[in-house]
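As the structure is a computational prediction, the values presented were derived from the model and not from experiment. Just so we're on the same page: letters track the sequence lines, and every chain starts at 1.
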Amino acid sequence: MHTLISLTAPAVVPAVEPVVAADWPGADAAVLLVALPLLSAAVLLLLGRRSDRWGHWLGVLASAGSFVVGVVLLLGMLGLPAEQRVHDVHLGTWLDAGALSIDAGLRVDPLSLTFVLLVTFVGTLIHVYSVAYMEHDAARRRFFAYLNLFVAAMLLLVLADSYVLLFVGWEGVGLASYLLIGFWNHHTPYAVAAKKAFVANRVGDVGLLVAMGLMFATFGSLDFSTVHANVAQASESTLTLIGIALLVAACGKSAQFPLQSWLGDAMAGPTPVSALIHAATMVTAGVYLIVRSGVIYAGAPTAQLVVAIIGAITLLFGAVVGCAKDDIKKALAASTMSQIGYMVLAAGLGPIGYAFAIFHLVTHGFFKAGMFLGAGSVMHGMDDQVDMRRFGGLGRYMKITYFTFMAGWLAILGIPPFAGFFSKDKIIEAAFVPVDGQPWRAWVFGTIALLGAGITAFYMSRLFFMTFEGKKRWSETRDGHEQHPHESPALMWVPMAVLAVGSVALGWVLQAVGFVTWLEPSVGHAEHEEPVLGVPVLIGLTLIAVALGLALAWRRYAVSTVPVAPPVGTVLTRAARVDLYQDAVNDAVLVEPGQYLTRSLVYGDKAVVDGAVTGLARLTVGTGDLVRRAQNGFARSYAAVMVVGVVVLAVVVLAVRG
Amino acid sequence: MSLTHYLVLAAILFAIGATTVLLRRNAIIVFMGVELMLNSTNLLLVTFSRMHGNLSGQVLAFFVMVVAAAEVVVGLAIIVTIFRTRRSASVDDVNLLKS
C-alpha cells in the first residue's frame, strides 16, 4: 500500500493505486447521502406550490441529514485501520449490453468522504442562509429544490466508483448550476449567463466523454478499480491522451484557462448560489477528477506538466482580473478562479501535491463560502448594490459581516494562523520542489505561485478596504428610495460566523489531526522532498509578498480616497476589467465563426435541400401550366394535333422500315 | 388505271377533307370534310378489295357507310341543338368544356 514514490522514478509507476478493502457494512449508508437531497428535490418539485410554506425547511433538513450520515461514516471509517479505508459499495448492474456491462456503485474512501463532509456542511450552512436571503422571493421553494439537486449531483459525482456514474453526477451539477445561475431568468442577461455557463461546461463534458471512450477502448472498463489497476499495461501516449482529455473536462467544470469565461457571468445567480458553486460544489469537481485520476497522470508526465501549466496560467489570470473588478461578486469570482488555479497547479505536481490540493480545497471552501455569504449580506443591506466604488466604511454599520468577512480575508491572504496559511503555503512549498530532477520547473512554478500570493493579497485587500474601510461613498437615497446599511438577520449571520470559525481554525486543526496522512489511502503516499529553497525562506518570502500586496492596497484604497467613477487606468487595468479580452477572443475565435458556420448551413439548407424540394414542385407546376395550354377547348386544334401526330407516326414508321 | 392512281386520288381526297376539318369553322362544312375523309378510305378499301379479289374490304366499306350515316344523324342533331341555343354554327364557339 505505502509504495514509495520517488519523484525521479520512471514514468509508469502504478504507485498510488488504492487497494479496495474487504467488506464494511457501514459503507452501505453512503446511498443515503445521495438519496436524501435527491428525494427532497423530487418532493419539492412534484408537490409544487403545496409545499411553499415548509419547502425550504425540508431542503435544509435533507442537506443536514446528508451531513449527519457523512459524520457517521467518518466516525466508522476512523475506527478502521488505514489499509481498509477504501470501499466500493455495489448497488447493482446498471447497463448490460453485450460486451458493455456497467455496474452502479459508490466508492467510500477518505477522498470522497472529505468531499462529502465539505459539500454537505458548507451546503447546509448555505441552505440555512438562503432561507433568509430568499425570503422575499416568490419562488423560494423551487430555489431550494434546485439547491438540493445541486448537492445530490455533487455527492453522486464524488461518490461514484466509475467514470460513468461520475459523469451522471457531473452532468447533474451542470444542469443544477444552469437552473440556479438562470434562476432569475426573466432578466435576459441572467438567462444568457446561465446558457454561457452551460455551453462552456459542455466543452468540458466532451473532454470527459473522450477520456471515457479512450479508457473503455484501452481497459475495457470504466470502474476506478479496474482502470487504475491496469494503468501499467497502457502505453504512455494513450495515458497522455486520456490525461489531457480529463484536463479539458476539469477546465470546463473548474473554470480553468481557457474555459474560464463563464465563471464571472455566473454571478448572475442569487448570491448563495455563487457561494455554493465556488466553495463546495461545481468548481471543485475538476480538481477532484484530476486527483482521483492520479494513477493515470502518474503514467503520463507530459499530461501532468500540462495540468500544472494550466493551473499556473489560471492562477495568474484570475489574480490579474481580480485586481480590476469593481463588482464585489465578480472580484470574488476572479479570486476563486485564481485559488482553483493553485489547486490545479498542486494537482499537476503529482503525488506530492494531491493532498495539498485537497487541503486547500477544503479550507478554501470555508473561507470563500464565508466571503460570498458576506458579500450577499452586504448586498442585502445595501439594496442589492454590487459596485464596490459605491460602498466604503460599511464596517461600522454591519459589525458581524465585517468580522466574519475579515476572517475569510485573512485566511485567503495566508496570514498565520488562519486556514489559508496552512494550505496555500504548502502548495507554494510543493511548487518549489523539483519534479523529475528538473530544477527549472521548480523555479517557474514556485515563482508563479509566490507572485500569485502577492497579487492575491493586493486584490483581496482592495476588495476588503473598498467595502468596509475608508469613507462612505454611498448616499442616503438611491434611485428615489432610502438606503440604510444594516446587519442581516440571524439566519444569515450565524452561517457566516460558523464559516468564519472554520476560516480561522480549520487550517491548523486539519494539520494537527494529520489530514495529509488521512488522505493517503486514496491519493497515495508521497515521500517528503526538499524544495530548492529552505522552507523557512519560502514562508518568509510568501509573507513578504503578502505584506507588500496588503500595504499597497492599504495605501491606495483605505488611506486615500477611492473615486466613485472608475478611473481610466492603465492598459493592463482596462484589459483586466474585460477579463483580459477572453470574451472578445472567444467571440472572435469561436462564437463568430460558429455563427457564420450556422448561417451558411442555414443558407445551404434553404438553397440546396429546400431548393431541391421546392424546385421539383415548381417544375411540376410549370410543366402543368405548359401542358394546360394545349387544352384550349377548340375542337379544331385537337384535330390538328391528331393529324400532326398521325403524320409524324407515319413518317417514323416509314423511316424505320425504309 | 393502275393502283397508284387510286391511291393518289384517295390521298388527295383525304387531305382535302382533313384540311376542311382543320380550317373551316362552320360545323356543317366540318362535317362535310369528315364525310370526305370517310369516303376516301372507302375508296381505298374497295380498291384493295378488288386488287386482292377478296370481298371483305367491300363489306367493310358498307359498314363505314352505315356508321357514317348514323354519325351524321347524331351529329346533325347536335349541331342543330347548338345552333338553337347559341345562335351560331361555328365550332370555335363551342368551347364550354374548357376549364
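- Although no hydrogens or angles enter the test, the distance criterion places a donor-acceptor pair under 3.5 Å between the side chain of A:K253 and the main chain of A:W170.
- Residues of residues 15-26 of chain B lying within less than 4.5 angstrom of chain A, judged on heavy atoms, are B:V21, B:L22, B:L23, B:R24, B:R25 in numerical order.
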Donor-acceptor pairs are to be reported for all side-chain atoms of residues 604-626 of chain A against protein atoms at under 3.5 Å, with residues two or more places apart or in another chain.
| from | atom 1 | to | atom 2 | distance (Å) |
| --- | --- | --- | --- | --- |
| A:T614 | OG1 | A:D610 | O | 2.8 |
| A:T614 | OG1 | A:G611 | O | 3.4 |
| A:T620 | OG1 | A:L616 | O | 2.8 |
| A:T623 | OG1 | A:L619 | O | 2.5 |
| A:D625 | OD1 | A:R628 | NH2 | 3.4 |

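- Here the closest heavy-atom approach between residue B:V46 and residue B:A61 is recorded as CG2-CB, 4.1 Å.
- For A:Y146, the ring pair (Phe, Tyr, Trp, His ring centres under 6.0 Å) test picks out no residue, with sequence neighbours left out.
- Donor-acceptor pairing under 3.5 Å is lacking for the side chains of B:D92 and B:S90.
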Enumerate, atom names and distances included, each donor-acceptor pair closer than 3.5 Å involving a side-chain atom of residues 67-86 of chain B, sequence neighbours excluded.
| from | atom 1 | to | atom 2 | distance (Å) |
| --- | --- | --- | --- | --- |
| B:T81 | OG1 | B:A77 | O | 2.6 |
| B:T85 | OG1 | B:T81 | O | 3.3 |
| B:T85 | OG1 | B:I82 | O | 3.0 |

